Amino acid sequence: MEQVIFYLFAGVLLFAATMVISVRNPVYAALFLVLAFFNAAVLWVLVGAEFLGLALIVVYVGAVMVLFLFVLMMLDVNTAAMREGFTRYLPVGVVVAGLMLLQLIVVILSEQVDLIGGLIPEPSAEVDNVHAIGQVLYTAYVYPFEIAAVILLLAIVAAISLTMRRQRPNTQRQDVPKQLSVTKEQRLRLVQIDKKNRRHTSDT
Amino acid sequence: MIETLLWHSAKIWAVLIPLFVAVAYYTYVERRVIGHMQDRRGPNRVGYRGLLQPIADALKLLFKEITIPSQANRVLFLIAPTMAIMPALAAWAVVPFGEGLAVADINAGVLYILAMTSLGIYGLLLAGWASNSKYALFGTMRASAQIVSYEIALGFALVGVLMAAGTMNLGGIVEAQAGPFWEWFWLPLLPLFIVYWISGVAETNRAPFDIAEGESEIVAGFHVEYSGMAFAIFFLAEYANMLLISLLAAIFFFGGWYSPFEGIPVLGPAFDWVPGTVWVLLKAAFFAFCYLWFRATFPRYRYDQLMRLGWKVLIPVTVVWLVVLTGLIYAGIGPWF
């Protein structure tokens, strides 16, 4: 039964991954990527890594891809221009793909990670997945974890400061205290209407 | 094999059918309650005091033609409502309605809820984009920016809850609050509860954060082009999400199935005969009522005000309170830990 579910979701995952790089419409590609992420999450849950699976959905499907789609939908993407030069960039692409394949093979065949031997530990009954990851993450790996967090924070600050650095002359900014401190007298003008001529004559 | 499948589907229907009925009557209650708040009567013609109104509405929407704009992306246009309703219903799988009364009592319950609620946004995104209409696209842009922003505050508020409870299992969170009402999490986690509730209202795109609809500016937001049952499904998803947020407020912060008088000498035993499910539903009903109350009370937020509230007020409040909470737990201070 588990095998059937695995092959079902793995099949959809491979199909979705292929579609990501082959469909023309970038919005479709992003949606297929969402499907691929979702299926990968299901596979993780299937081997008992429910924390990783759900975190994948929360982070990638729920936040990253939403922002991705958000940007894609606002851009006027010219698909014809993107397909140009496919042959020109092909050698570079092949080299990158080959390197990545090589790295994957080295990792899989290495002695330290015995992936082929099936190293997936049996989910234990006493400590569930979430607790186990939390205990390791906040004890043995607390410094790498904190450093990764600081690097991410740095990236956020850098991205914001890059966009804020150059002040264009016509940018309009909102000054919240100024907005809140306006009074009725500054904004509202009562006008006397001359009923016959239908135009206002004098301020009161 | 077959028996377990049947048993599981029976459990799923036992949640879904009452949920559909609750959603239908929630729309009726909304119109009646807001009607009375605005000194009107609300729907009172169909059936006794208008009680058949939601059924009449559902029938009307069922028989209406589903129009598809000629320039729309047909496939995504039709998938979008499904993408909206699917996570809205799936999230109910882990919600406990009483001690052990959940379809799936999983350990990563809080994470599962966050994952499912974050999926709901795809229905909105696809609907707005596939309609190929300006207003729909504007509504989508507003809604998705809003949901992504408030999800952070909501998630952080829930982090506080699971820190205090020491578990991600929804049943475990309720059990950690065992006791009279002043021992429930709303008191020690009051700032987080307020943040949770505000961002819960914003997550579901409801007043005063319903800029995604903004009928006076962008007609009705992302679902302008939808009609008939396709429109009704978006409606169903929105109300199912509202009920979910209300029920989760009861579970995370208001002691779930525990009676408010638990452990009080005379009052406690006097209410022992009330089943826990009744307490959960009563508490949820109060928050569901608050949704309607807000809609009748507050004017709509402006887009920039909404973003400022989310990023510059709610997120800092949660971060600070998480630090305080960590200190309290570490020092073992307070009657709650």
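Here is how names work: the chains are called A, B, and so on, in the same order as the sequence lines, proteins then strands, and each is numbered from 1. In this text, all values refer to a predicted model and were calculated from it rather than measured experimentally.
Taking CG from L125(B) and CZ from F68(A), the interatomic distance works out to 13.5 Å, rounded to the nearest 0.5 Å. Interatomic distance, E50(A) CD to M168(B) CE, rounded to the nearest 0.5 Å: 10.0 Å.
Other residues, nucleotides and ligands place more than 12 heavy atoms under 6.0 Å from the CZ atom of F234(B). A 6.0 Å sphere centred on CZ of F77(B) holds more than 12 heavy atoms belonging to other residues, nucleotides or ligands. Counted within 6.0 Å of CD on Q186(A), heavy atoms from surrounding residues, nucleotides or ligands total more than 12; the atom is thus considered enclosed. Within 6.0 Å of CZ on F37(A) lie more than 12 heavy atoms contributed by other residues, nucleotides or ligands. A 6.0 Å sphere centred on CD of Q179(A) holds more than 12 heavy atoms belonging to other residues, nucleotides or ligands. Within 6.0 Å of CZ in F70(A) there are more than 12 heavy atoms belonging to other residues, nucleotides or ligands. Taking a 6.0 Å sphere around CZ of R187(A), one finds it holds 12 or fewer heavy atoms contributed by other residues, nucleotides or ligands.
Side chains of L69(A) and Y122(B) form a contact here, defined as non-hydrogen atoms less than 4.5 Å apart. Annotation: side chain of L31(A) is in contact with side chain of L126(B) (closest heavy-atom distance under 4.5 Å).
Chosen from Y28(A), F51(A), F38(A), the residue pairing most often with chain B at heavy-atom distances under 4.5 Å is Y28(A). Chain B forms the most heavy-atom pairs under 4.5 Å with one residue out of L56(A), L67(A), V176(A), and that residue is V176(A). Across V34(A), L54(A), V59(A), the residue that shares the most heavy-atom pairs under 4.5 angstrom with chain B is L54(A). Interface remark: of the candidates I152(B), L119(B), V75(B), L119(B) forms the most heavy-atom pairs closer than 4.5 Å to chain A.
By a heavy-atom distance cut of under 4.5 Å, M141(B), S144(B), A145(B), V148(B) are the residues of residues 139-148 of chain B near chain A, going up by number. Scanning residues 106-113 of chain B against chain A with a 4.5 Å heavy-atom cutoff picks out N107(B), A108(B), L111(B), Y112(B), ordered by number.
Contacts of E151(B) with chain A are made by side-chain atoms alone, with heavy-atom separations under 4.5 Å and no backbone atom involved.
Taking each heavy atom of A115(B) and I57(A) in turn, the nearest pair found is CB-CG2, 3.7 Å.
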